[in-house]
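Any value given below was found using the heavy atoms of this structure, including those in side chains, with hydrogens, waters and symmetry copies removed.
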Amino acid sequence: MSERLRSDFWVGAYIRRCSSEGVVAMLRRRGAAEAGAIMVKVDRLDGTATLYAPAPQTAFAERGIDRLFARAHTEDAIAVMDAEVRLKSQIRFDPDLWIVEVEDRTGRSFLDLDET
């Protein structure tokens with residue numbers, strides 16, 4: 001079993017990946033460096049956003065993938081204010097949470113997503 005990439009390294013690489021695609025991504029909240037959970041908010045700059053949270057480990061553990069994300073809501077996008085409420089709730093539940101915000105009008109996330 002391989003070790004999981006530290007959260008701080010993953011976030012830094014993810015922000016660089018977004019930047020290389022010409023998309024603004026910024027760290028909004030720093031969590032636990034070694035193993036904090038990561039959530040990504042994609043702001044579509046039209047009043048809507050998409051939230052991504054870690055997929056259940058059972059969704060990717062057998063595939064050899066280090067991290068996999070799934071949309072944290074059933075709708076394609078939700079109101080930005082609803083996304084903020086969900087993030088605040090998640091912070092109360094997990095104070096070690098990382099939050100990365102991406103700004104992209106087309107809603108691109110550049111994440112490996114759990115589509116199952």
query: So how far is it from Glu103 CD to Asp43 CG, rounded to the nearest 0.5 Å?
result: 6.0 Å
message: When you group the ILVMFWY residues by side-chain heavy-atom contacts below 4.5 Å and let the links chain together, are Val24 and Val80 in the same group?
response: no
task: Please report the shortest heavy-atom distance between Ala37 and Pro54, naming the atom on each side.
output: CB-CG, 4.3 Å
- prompt: Heavy-atom distance under 4.5 Å between the side chains of Arg28 and Val100, does that happen here?
  reply: no
query: Is there a chain of hydrophobic side chains (I, L, V, M, F, W, Y, each step under 4.5 Å between heavy atoms) that links Phe69 to Val11?
result: yes
- prompt: Is it true that Glu101 and Arg29 have a side-chain N and a carboxylate O under 4.0 angstrom from each other?
  reply: no
message: Minimum heavy-atom separation for Val102 and Ala25, please, with both atom names.
response: CG2-CB, 4.0 Å
Linked, directly or transitively: Val23 and Ile99 (ILVMFWY side chains, under 4.5 Å): no
query: For the hydrophobic clusters of this structure (ILVMFWY residues joined by side-chain heavy atoms under 4.5 Å, transitively), does one cluster hold both Val40 and Ile15?
result: yes
task: Treat each ILVMFWY residue as a node, draw an edge where side-chain heavy atoms are under 4.5 Å apart, and state whether Met26 and Leu51 are in one component.
output: no
field: Pairwise distance CD(Gln90) to CZ(Phe93) - rounded to 0.5 angstrom
entry: 6.5 Å
- request: Might you confirm whether atom CZ of Arg108 has over 12 heavy atoms from other residues, nucleotides or ligands at distances under 6.0 Å?
  value: yes
query: Once you round to the nearest 0.5 Å, how far does CD1 of Ile38 lie from CG of Asp94?
result: 11.0 Å
- request: For residues Ala35 and Ser7, report the shortest heavy-atom separation together with the two atoms involved.
  value: C-OG, 3.5 Å
field: Basic-acidic side-chain contact under 4.0 Å: Asp76, Arg71
entry: yes
query: Is Asp46 salt-bridged to Arg44, cutoff N-O under 4.0 Å?
result: no
task: Report the distance from atom CG of Leu97 to atom NZ of Lys88, rounding to the nearest 0.5 Å.
output: 14.0 Å
task: Return the minimal non-hydrogen interatomic distance between Arg86 and Ala72, and the atom names on each side.
output: NH1-O, 3.1 Å
message: Evaluate Trp98 against Tyr52 for ring pair (Phe, Tyr, Trp, His ring centres under 6.0 Å), listing each step before the verdict.
response: CA-CA 12 Å; Trp98 290 77; Tyr52 296 96; over 10 Å; no
Rounded distance (nearest 0.5 Å) linking atom CD of Glu75 with atom OG1 of Thr50: 10.0 Å
- prompt: Looking only at atom types and distance, does a side-chain atom of Thr48 sit under 3.5 Å from a main-chain N or O of Ile78, one as donor and one as acceptor?
  reply: no
task: Mark yes or no: Arg17 above the aromatic ring of Tyr14, with NZ or CZ under 6.0 Å from the six-membered ring centre and no more than 45 degrees from the axis.
output: no
